[in-house]
Trainee: 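Okay, handing you the structure first.
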There are 2 protein chains.
Amino acid sequence: MARKPKLRTNAPDALKAKVLDVASELFQSQGYHATGMADIVKGAGVTAGGLHHHFPTKKAIGLAVLRERVRPAVAQTWITPVALAKSAAEGVEAVFAAITAELDAKKAVRGCPLNNLTLELSLADPDFRAEMAKTFAQWETVLAQRIRADGLRDADSAAVLVIAAYSGAMAMAKAEQSSEPLKICGRRLTQMLRTAA
Amino acid sequence: MARKPKLRTNAPDALKAKVLDVASELFQSQGYHATGMADIVKGAGVTAGGLHHHFPTKKAIGLAVLRERVRPAVAQTWITPVALAKSAAEGVEAVFAAITAELDAKKAVRGCPLNNLTLELSLADPDFRAEMAKTFAQWETVLAQRIRADGLRDADSAAVLVIAAYSGAMAMAKAEQSSEPLKICGRRLTQMLRTAA
DNA sequence: CAAGAAACAGGTCGTTCGGTCGGTTATGCG
DNA sequence: CGCATAACCGACCGAACGACCTGTTTCTTG
C-alpha cells in the first residue's frame with residue numbers, strides 16, 4: 001500500500017522537543033483540557049502515530065511539559081535571577097520588572113504556566129499534583145535562602161508571601177488583562193523586603 | 001409512546017437552583033472543561049431537555065454559576081466580613097482563620113472558585129473574562145475602602161496585595177494540599193496591616 | 001550487509017462531547 | 001372549564017475526543 005513514500009528522517013529528540021514546545025504553548029493559551037491531541041499533532045507537524053510512539057497518553061505529554069518546560073521556565077525567570085541578585089529585594093524587583101515588561105510588549109496576559117496547570121489539574125491527578133508541589137517547594141526553598149542571606153527574619157514566610165502574591169497578581173492580571181496588579185504587588189513586595197532588611 | 005407518565009411538578013426556580021448548585025460544585029472540584037453536561041444532568045437529577053429549556057448552552061451555565069454562585073460566595077466569605085470588621089487587619093485575620101479552619105476540616109483543598117474559573121476560562125471567552133474582572137474589581141474596591149478607613153496610606157495597593165496573596169496562597173495550598181500557605185500569608189498580611197496602621 | 005530494533009505514517013476504533021427535537025404534562029389565566 | 005403557554009421529558013445527532021494498531025521506513029549493530 002506504499003502510495004506516497006514520503007521523505008522522512010528519524011529525529012526522535014527533535015520530534016519530542018517540537019511536541020513539547022507546541023503542547024506547552026497550547027496548554028498555556030487554552031488550557032490542558034481545551035487542547036486536543038489533534039491540535040498538538042497539527043501544530044507540531046507530526047502524525048498521530050509518531051506522537052503516540054513517544055507519548056503513549058495525553059497525560060504523559062502533560063507531565064513532560066511540566067517537567068521539561070514549565071519547571072525550567074520557573075527556574076529561568078524566577079529562581080536563577082533572584083538567587084544571583086545582589087539582594088532579595090533587588091532580585092524580586094528585577095523579576096517583576098522583566099515580567100511586566102514582557103506582558104506589556106505582548107497583547108495578552110496568559111498567566112503563569114505553573115499556576116494555570118496547577119489550578120486545572122492538581123485535583124484531577126495525583127501525579128500532576130506531585131509535580132507542581134515539587135516545583136513550588138523548590139521555588140520556596142531557593143527564595144527563602146536568598147532572603148535569609150540578607151539577614152531577614154522569617155525568611156520562609158516571606159518567600160511564601162512573595163510567591164503567593166506573584167501568583168495571585170498574575171491571576172488578577174489575567175482576569176483584567178492588565179499588568180497593573182503585578183506592578184503594584186512588585187512594588188509593595190520589594191518595599192517590604194527592603195524595609196525589613 | 002407515553003410509557004411511564006412520570007410524576008412531575010413544574011418548579012423552574014428550584015430546577016435552576018439545583019442545576020447551579022451542582023454545576024458550581026462540579027466546576028469547583030473538576031473544572032469547567034472536565035465537567036460534562038451529562039455530569040450536571042445526573043447530579044441535578046434533571047433531564048437534558050429540562051436543562052436545555054433553562055440553559056441553552058454550557059456557557060450559559062458557566063456564566064450563571066459565576067454570577068449567582070461564585071460572586072455571592074466571594075461577597076459572603078470575604079467582602080462582607082471585612083467590611084463589617086472593626087479594622088481591616090482584624091477582618092483579614094478573621095477571614096483567613098475561617099477559611100483555613102474550613103480547609104482543615106475537609107480533606108481536600110479545592111481552591112478559590114473565582115481563581116479556578118478565572119485561570120481556566122478568562123482567555124477562552126471575553127464574556128467570562130468580563131465577569132471575573134468585575135468581581136475582582138468589586139473585591140478590590142470594598143477592601144480598599146475598609147483599609148483606607150483605618151487611615152492607611154496606599155490603601156488601593158494594599159488591597160490588591162491582600163487579594164493577590166490570598167489567591168496565590170490558595171493556589172499553593174491546592175498544589176500542596178495543605179492550608180499552610182494560607183496560614184503563613186494570613187499572618188503576614190494582618191501583621192502588615194497592623195504595623196502600617 | 002543482513003537483520004532486528006526503533007521511528008514514524010496514517011487510518012480507525014469506541015466513547016463522550018455539547019446540543020437538538022418532537023412530543024407530553026403541568027399551570028396560570030380568562 | 002378550557003386552552004394557550006411554559007415546563008419538562010428522553011431519545012437522538014454529528015462532531016470531536018483520546019487511544020490504538022498495522023504497516024512501512026530508517027537506523028543501528030553484530
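Reminder, nothing fancy here: chain letters follow the sequence lines and each chain counts from 1.
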Trainee: Reckon A/Leu51 touches a base, only the sugar-phosphate, or nothing at all at heavy-atom distances under 4.0 Å?
Mentor: nothing
Trainee: Write down the distance between CG (A/Leu26) and C1' (D/dG18), rounded to a whole number of angstrom.
Mentor: 16 Å
Trainee: Please pick, from C/dC8, C/dG10, C/dT27, the nucleotide with the shortest atom-to-atom distance to any side-chain atom of B/Asn10.
Mentor: C/dT27
Trainee: Take atom CE of A/Met37 and atom P of D/dG18, then tell me their distance rounded to the nearest Å.
Mentor: 7 Å
Trainee: Closer than 4.0 angstrom, basic N to acidic O: yes or no for A/Arg129 and A/Asp125?
Mentor: no
Trainee: Quick one: does B/Asp150's side chain have a donor or acceptor within less than 3.5 Å of a partner on B/Ser87's backbone?
Mentor: no
Trainee: Measure from the side-chain heavy atoms of A/Val46 and tell me the nearest of D/dC20, C/dA9, C/dC17.
Mentor: C/dA9
Trainee: Which of these passes salt bridge (Lys or Arg N to Asp or Glu O under 4.0 Å) with A/Glu93: A/Arg194, A/Lys86, A/Arg187, A/Lys183?
Mentor: A/Arg194
Trainee: Look only at the side chain of B/Lys174 and the backbone of B/Asn116, and say whether a donor-acceptor pair between them is shorter than 3.5 Å.
Mentor: no
Trainee: Take the protein atom NZ of B/Lys59 and the nucleotide atom C1' of C/dG19, then report the distance between them rounded to whole Å.
Mentor: 15 Å
Trainee: Taking the side chain of A/Lys58 as heavy atoms from C-beta outward, which of C/dG19, D/dC27, D/dG18 is closest to it?
Mentor: D/dG18
Trainee: When you measure from the side chain of A/Ala11, which nucleotide among C/dC8, D/dC17, D/dG18 comes out closest?
Mentor: C/dC8
Trainee: Rounded off to whole Å, could you give me the NZ-to-P distance for the A/Lys42 and C/dG10 pair?
Mentor: 15 Å
Trainee: Tell me the interatomic distance from A/Ile40, atom CD1, to D/dC17, atom C1', rounded to whole angstroms.
Mentor: 12 Å
Trainee: Using a 4.0 Å heavy-atom cut-off, does B/Gly49 contact any base of the nucleic acid, only the sugar-phosphate backbone, or nothing at all?
Mentor: base
Trainee: Within a radius of less than 6.0 Å around NZ of B/Lys134, do more than 12 heavy atoms belonging to other residues, nucleotides or ligands occur?
Mentor: no
Trainee: Nearest whole angstrom, please: distance from the P of C/dT16 to the NE2 of B/His33.
Mentor: 19 Å
Trainee: Has B/Thr47 got a side-chain N or O lying under 4.0 Å from the OP1 or OP2 atom of D/dC9?
Mentor: yes
Trainee: So if I take every side-chain heavy atom of B/Pro12 and compare against D/dC8, C/dT20, D/dC21, which nucleotide ends up nearest?
Mentor: D/dC8
Trainee: Over how many whole Å does the gap from A/Gln30 atom CD to D/dC17 atom P extend?
Mentor: 10 Å
Trainee: In whole Å, what is the span from the CD1 atom of A/Ile61 to the P atom of D/dG18?
Mentor: 9 Å
Trainee: B/His53 side chain N/O closer than 4.0 Å to the phosphate oxygens (OP1, OP2) of D/dC8?
Mentor: no
Trainee: At less than 4.0 Å, is any side-chain N or O atom of A/His54 found next to OP1 or OP2 of C/dC8? Yes or no.
Mentor: yes
